[in-house]
Amino acid sequence: MVRVQLEDFDVGAELARLTAGRTDVGGVASFIGLVRDLAGGAEVGAMTLEHYPGMTERKLAEIEAEAQRRWPLQASLIIHRYGRLEPGDRIVLVATASPHRQAALESCTFLIDWLKTKAPFWKVEETAAGPQWVEARDSDDDAAARWSPPRRIAE
Amino acid sequence: MKVLYFAWLKGKVGIGEEAVTPPAEVATVGALLDWLSTRGPKHAAALANRSIVRVAVNQEYAGLEHPVKSGDEVALFPPVTGG
């Protein structure tokens with residue numbers, strides 16, 4: 001499931017809902033992204049996340065479908081916030097459920113790596129020098145590239 | 001054709017969205033970027049460095065050779081920084 005929303009989310013409630021009523025899930029992996037108060041040495045007061053409504057949901061659904069195709073997942077969830085966020089606030093939640101931990105952990109990493117380089121979100125930070133658009137990092141491209149071409153884990 | 005601008009491209013161009021009717025020979029993303037650059041100094045400044053401009057046609061990433069036509073939704077934005 002994919003959600004793009006202004007409001008915060010309750011991690012415990014979301015993870016509980018992911019596997020509610022099931023007894024065949026072996027493990028849930030999750031990643032929670034938070035706003036940091038430092039960026040490139042400059043102190044950040046807050047940031048605003050802008051996105052491309054329509055394309056965002058489409059790309060997140062594609063990324064999730066790719067994870068479902070590559071790993072034996074029983075459930076998956078991507079929640080990404082937009083709007084103004086302050087240091088310590090949650091930005092994103094990615095969670096995957098599978099009979100075995102390796103598929104859950106790998107697919108969770110895959111989802112956040114691909115999301116960071118493919119989903120149309122942009123961060124603008126409030127700094128002492130004024131608003132600064134965050135620049136994409138080569139290390140994020142490298143992280144995403146690890147997952148291409150498709151590979152399958154042993155089940 | 002609808003052109004959307006996001007992040008600092010929106011700031012530089014000064015608008016988030018515009019309806020445009022390029023001449024018929026503007027048939028690719030690359031040609032559209034060239035044509036948009038001629039619309040004024042703000043457009044030219046926003047599109048000066050093509051290496052940091054990404055393009056989506058009808059909400060799918062597209063390269064410079066990708067075709068564009070009347071009725072398309074073309075979005076211009078910097079490399080994404082979500083997550």
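Chain letters run A, B, ... following the sequence lines, proteins first and then strands; every chain starts at 1.
- Here the closest heavy-atom approach between residue Pro53(A) and residue Gln59(B) is recorded as O-NE2, 4.0 Å.
- Of all the heavy atoms in Arg58(A) and Asn58(B), the pair that sits closest is NH1-O, 3.6 Å.
- Heavy-atom pairs under 4.5 Å with chain B peak, among Phe121(A), Tyr82(A), Trp133(A), Phe31(A), at Trp133(A).
- Looking at Glu62(A), the atoms closer than 4.5 Å to chain B (heavy atoms on both sides) all sit in the side chain, from C-beta outward.
- Checked against side-chain hydrogen bond (donor to acceptor under 3.5 Å, both in side chains), His51(A) has the following partners two or more places apart in sequence or in another chain: Thr56(A).
- Within the 4.5 angstrom heavy-atom criterion, no atom of Ile52(B) approaches chain A.
- Closest approach of Thr81(B) and Glu135(A) over heavy atoms only: CG2-C, 3.8 Å.
- No more than 12 heavy atoms of other residues, nucleotides or ligands shown are found within 6.0 angstrom of CZ on Arg101(A).
- For Val134(A), the parts lying near chain B are the backbone and the side chain together; criterion is any non-hydrogen pair under 4.5 Å.
- Partners of Tyr52(A) by ring-ring contact (aromatic ring centres under 6.0 Å, His included), not counting sequence neighbours, listed by chain and number: Phe6(B).
- By a heavy-atom distance cut of under 4.5 Å, not one residue of residues 14-27 of chain B is near chain A.
- Applying the salt bridge (charged side-chain N to carboxylate O under 4.0 Å, His left out) criterion to Asp8(A), with sequence neighbours excluded, gives Arg81(A), Arg90(A).
- Cluster membership for Leu93(A) and Ile78(A), using ILVMFWY side-chain heavy atoms within less than 4.5 angstrom, is not shared.
- Atom CZ of Phe77(B) and atom CE of Met55(A) lie 4.5 Å apart (nearest 0.5 Å).
- Looking at heavy atoms from C-beta onward, Glu60(B) lies in side-chain contact with Lys59(A) at the 4.5 angstrom threshold.
- Among all heavy-atom pairs drawn from Lys123(A) and Gly83(B), the shortest one is NZ-O, 2.8 Å.
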